[in-house]
Amino acid sequence: MPELPEVETVVRGLRAPLIGRTITGVWTDWPKVIRPYPPEEFAARVVGQTFRAINRRAKYILCQLDHDILAIHLKMTGRLYVSEAPEAADRWVHFRLALDNGQYLHFSDARRFGRVFLGMRLEEFAPNLGPEPLEDSFTVEVLRERLGKRQRNIKALLLDQSFIAGVGNIYADEALFRAGIHPLRRASNLTEAEIQRLYETIRAALAAGIDYEGASINWYRKPDGTAGKSQEHFFVYHREGQPCARCGQLIVKIRVSQRGTHYCPNCQPEA
DNA sequence: AGAAATACCCGTACGC
DNA sequence: TGCGTACGGGTATTTC
């Protein structure tokens, strides 16, 4: 469960069960999920602290405690959910917090790529994050200025979290399709009209993903067992060989920055 | 020097 | 059984 729309959905769902709850215990069978302290030190620090707020920055879930920020990055396959008893959790739970009402916050991750951070400030574990594309402060001027004279291909830049925060592989492809921009176009060669379109489509693609409560492809399901519906509305992602919804040409899949990249060769012509 | 490109790494599940 | 691939991203190395 990666990508900003899923993370945003999780954040919203966790507020009700967590805010006001005090941590009474910590359990893990995989010390590497915890950063930067060893489990004993981590436990000594969080036990007794109460959840005050839950927010998101980039793809980090930020739990504001009394004195610290508990931050979770789900990476590719992480899940975060609250349940009554540990026995109700799935087989991939590698980290768990006990709460003062008898419930538990479970962090499950089949691939064990995800991490749980503890610190006073976000910058301690996530320096150099770019602007939030859905914030009012992210304007087309900001995007234009950041594109500047960058020579990288636009897909790689969209995936670069220090360039713009929170855009992952799915929504990078979707935003580029909506804007009619080929993923290998050089950032510095984009026209003013293309920059304007890309600004709008980054926000629109992310907003659509959030509206549909994220995507559920392959094995991924939301913690409650239901599936997000975003994948039913993809224009290009995971649609290689299928006709473009706009022109009928077949969607093509290539590799860019080690990632599967999908586009319509007719709607997104090469430079 | 610095930006960009490339390679590799991390555990595991799944489809073919 | 084996192999390629996966919604992420850090680090190291090489190239421009």
Side-chain angles (χ1 to χ4, degrees), chain A residues 1-10 28-36 56-61 71-80 90-95 107-117 124-130 146-176 183-189 202 205-206 208-210 212-223 227-241 253-262:
Chain A
M1 142 158 75
E3 294 265 22
L4 189 153
E6 289 88 334
V7 176
E8 182 70 28
T9 301
V10 171
T28 184
D29 65 351
W30 186 252
K32 276 177 74 172
V33 304
I34 300 173
R35 297 280 175 89
R56 176 192 63 73
R57 170 77 169 104
K59 301 173 194 171
Y60 291 85
I61 293 164
I72 298 102
H73 198 303
L74 302 172
K75 289 291 180 91
M76 303 277 278
T77 50
R79 304 177 192 199
L80 200 56
D90 65 77
R91 59 190 266 226
W92 298 289
V93 171
H94 297 294
F95 173 88
F107 176 64
S108 165
D109 189 359
R111 263 179 103 173
R112 305 192 198 209
F113 283 4
R115 294 290 181 268
V116 179
F117 302 88
E124 292 172 26
F125 34 83
N128 308 322
L129 284 176
R146 293 182 73 80
L147 285 167
K149 295 184 168 45
R150 299 295 296 265
Q151 297 300 298
R152 303 180 75 179
N153 65 63
I154 188 62
K155 169 77 186 271
L157 262 191
L158 292 181
L159 292 178
D160 184 340
Q161 300 297 298
S162 67
F163 179 77
I164 183 171
V167 178
N169 200 40
I170 290 176
Y171 300 98
D173 283 2
E174 294 297 309
L176 287 171
L184 289 176
R185 290 280 304 282
R186 261 178 203 275
S188 60
N189 288 351
I202 289 169
L206 290 174
I210 292 170
Y212 294 120
E213 301 190 301
S216 297
I217 64 173
N218 297 341
W219 62 90
Y220 175 69
R221 290 296 177 274
K222 291 195 289 176
K229 300 242 181 296
S230 183
Q231 71 282 0
E232 297 171 19
H233 304 271
F234 290 162
F235 288 103
V236 289
Y237 186 82
H238 218 252
R239 293 197 65 241
E240 59 268 32
K253 180 177 182 181
I254 59 174
R255 283 193 89 74
V256 178
S257 296
Q258 316 297 118
R259 293 281 185 273
T261 298
H262 315 71

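Naming convention: chains lettered A, B, ... in sequence-line order (proteins, then strands); numbering from 1 in each chain.
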Rounded C1' spacing from C:dC7 to B:dT6 in Å = 22 Å

Distance between the P atoms of C:dT1 and B:dG11, in whole angstroms?
-> 24 Å

Distance-only donor-acceptor test (3.5 Å): side chain A:Arg259, base C:dG9 = yes

Could one point to a donor on the side chain of A:Arg112 or the base of B:dG11 with an acceptor on the other under 3.5 Å away?
-> no

If pairing means Watson-Crick or G-U wobble with both distances under 3.5 Å, then the partner of C:dC7 is none

Complementary nucleotide of B:dG11, counting Watson-Crick and G-U pairs under 3.5 Å = none

5'-most contact on DNA chain B (nearest-nucleotide basis), A:Gln258 vs A:Gln151, goes to A:Gln151

Going by the angle between their ring planes, with limits at 30° and 60°, are A:His94 and A:Trp30 parallel, tilted or perpendicular?
-> tilted

Check: A:Arg56 side chain, A:Ala58 main-chain N or O, donor-acceptor pair, under 3.5 Å = yes

A:Asn128 side chain vs A:Ser162 backbone, donor-acceptor pair below 3.5 Å = no

N or O in side chain of A:Arg150 less than 4.0 angstrom from B:dA4 OP1/OP2 | yes

So does A:Asp90 pair up with A:Arg79, basic N to acidic O under 4.0 Å?
-> no

If you look at every strand shown and take non-hydrogen atoms under 4.0 Å, does A:Arg255 touch a base, only sugar-phosphate, or nothing?
-> sugar-phosphate

Hey, is C:dG4 sitting syn or anti, using the within-90° cutoff around 0?
-> anti

Considering only side-chain heavy atoms of A:His73, which listed nucleotide, B:dA4, C:dG8, B:dC10, is closest?
-> C:dG8

Rounded to the nearest Å, what distance is computed from the CG atom of residue A:Leu184 to the P atom of nucleotide B:dA5?
-> 10 Å

